[in-house]
Amino acid sequence: MERRNETLIKLAQTGLLAALCFVTFTFGQIKIPLPGGGATSFHVGNAFCVLAALILGGWYGGLAGAIGMGIADIIDPVYITGAPKTFILKLCIGLIVGLVAHRIAKINESTDRKYILRWSVIASVAGLLFNVIADPLVGFFYNQYILGQPQQMAEVLAKWSTATTFVNAILSVIIAGVLYNALRPVLLRLGMIHPAKVKTA
């Protein structure tokens with residue numbers, strides 16, 4: 001029964017963080033129209049995908065980012081065709097951040113603020129570095145072979161995507177790192193973070 005309640009709480013938290021991903025991307029982006037009717041954008045939606053993984057772990061955090069930003073793509077006529085790609089990439093960001101933060105560094109088992117700050121930033125960088133590489137690369141093949149765009153246009157879109165994704169990653173690492181470490185004491189009190197056997201590092 002307790003395990004079932006914990007799962008329900010995790011799902012509710014996933015929904016809340018998915019909503020944050022959706023709102024920050026949908027209403028906080030600076031869209032750049034590209035040739036052929038496509039677009040890229042500067043946004044900090046990935047920061048909340050990373051934040052979700054730091055709080056909830058890789059699977060639930062990745063789902064929050066994938067669902068929130070996937071729905072944002074679906075309701076936007078410019079991005080709707082890229083929604084499947086967005087879902088997969090955001091899920092992967094969450095899984096990587098969760099792997100580094102919780103499986104490797106085990107930040108929930110530490111009370112050392114410097115250790116937690118260092119590893120939350122390292123985890124954020126790992127997840128978003130993956131995105132900087134994968135987003136334009138997957139986007140190129142997706143646009144050319146799934147959407148049927150000419151190779152030259154797919155290359156132009158990939159180059160623009162690389163530039164905006166890199167800027168977004170830097171902003172998102174800073175925002176996610178600051179927010180997570182500022183909110184962590186509150187999240188502990190609210191029970192959104194469940195420390196395991198506490199150790200100092």
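Side chains included, hydrogens not; waters and symmetry mates left out as well; all remaining heavy atoms used. This structure is a prediction, so every number in the text was calculated from the model and none was measured.
The two atoms that bring G98 and A53 nearest to each other are N-CB, 4.2 Å, heavy atoms only. The two residues G127 and I93 come nearest to each other via the heavy atoms O-CG1, 3.8 Å. Minimum interatomic distance between A176 and L54 (heavy atoms only, all atoms of both residues): O-CD1, 4.4 Å. Residues T24 and G45 come closest through the heavy atom pair OG1-CA, 3.6 Å. Here the closest non-hydrogen pair linking S172 and L128 is CB-CD1, 3.6 Å. Listed here is the closest heavy atom pair of A134 and L89: CB-CD2, 3.8 Å.
With L51 as the fixed residue, the side chain to side chain contact (heavy atoms under 4.5 Å, CB included) test singles out one of L20, L179, I175: L179. The residue from T40, D135, N143 that alone fulfils the side-chain hydrogen bond (donor to acceptor under 3.5 Å, both in side chains) condition with S161 is D135.
No more than 12 heavy-atom neighbours from other residues, nucleotides or ligands sit within 6.0 angstrom of CZ on F166. Applying the 6.0 Å contact sphere to NZ of K31 captures more than 12 heavy atoms from other residues, nucleotides or ligands.
How far CD1 of I96 is from CG of L91: 10.0 Å, rounded to the nearest 0.5 Å. Rounding to the nearest 0.5 Å places CD1 of I71 at 12.0 Å from OG1 of T86. Atoms CD1 and CZ, from I67 and F22 in turn, are 13.0 Å apart once rounded to the nearest 0.5 Å. We find the CG-CG distance between L183 and L188 to be 11.0 Å, quoted to the nearest 0.5 Å. From L137, atom CG reaches atom CD1 of I133 across 9.0 Å, with rounding to the nearest 0.5 Å. Atoms CD1 and CG, from I55 and L187 in turn, are 5.0 Å apart once rounded to the nearest 0.5 Å.
Using bins of under 30°, 30° to 60° and over 60° for the plane-to-plane angle, the ring pair H43/F25 lands in the perpendicular bin. The aromatic rings of W119 and Y115 lie tilted to each other, with the angle between the two planes from 30° to 60°.
Put simply, Y180 and W59 are part of the same group of oily side chains (I, L, V, M, F, W, Y) that touch within less than 4.5 Å, one to the next. Note on F130 and V132: separate hydrophobic clusters, where clusters join Ile, Leu, Val, Met, Phe, Trp and Tyr whose side-chain heavy atoms are under 4.5 Å apart, directly or indirectly. Under the 4.5 Å side-chain contact rule for hydrophobic residues, V97 and L129 do not share a cluster. Cluster annotation: V78 is not connected to L147 through the hydrophobic network of ILVMFWY side chains, with a link wherever side-chain heavy atoms come within less than 4.5 Å. Note on V23 and F48: same hydrophobic cluster, where clusters join Ile, Leu, Val, Met, Phe, Trp and Tyr whose side-chain heavy atoms are under 4.5 Å apart, directly or indirectly.
Proximity of a side-chain donor or acceptor of N46 to a complementary backbone N or O of L171 within less than 3.5 Å is not detected. Under the 3.5 Å distance criterion, the side-chain polar atoms of S120 are matched with a main-chain donor or acceptor of L117. Listed for the T164 side chain is a donor-acceptor partner under 3.5 Å among the backbone atoms of W160.
Two residues are said to be in side-chain contact when any heavy atoms from C-beta on lie closer than 4.5 Å; I146 and F141 fail this criterion.
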Side chain to side chain contact (heavy atoms under 4.5 Å, CB included) between N108 and R184: does it pass, once the steps are laid out?
CA-CA 10 Å; N108 281 357; R184 184 178 165 85; 3.5 Å; yes
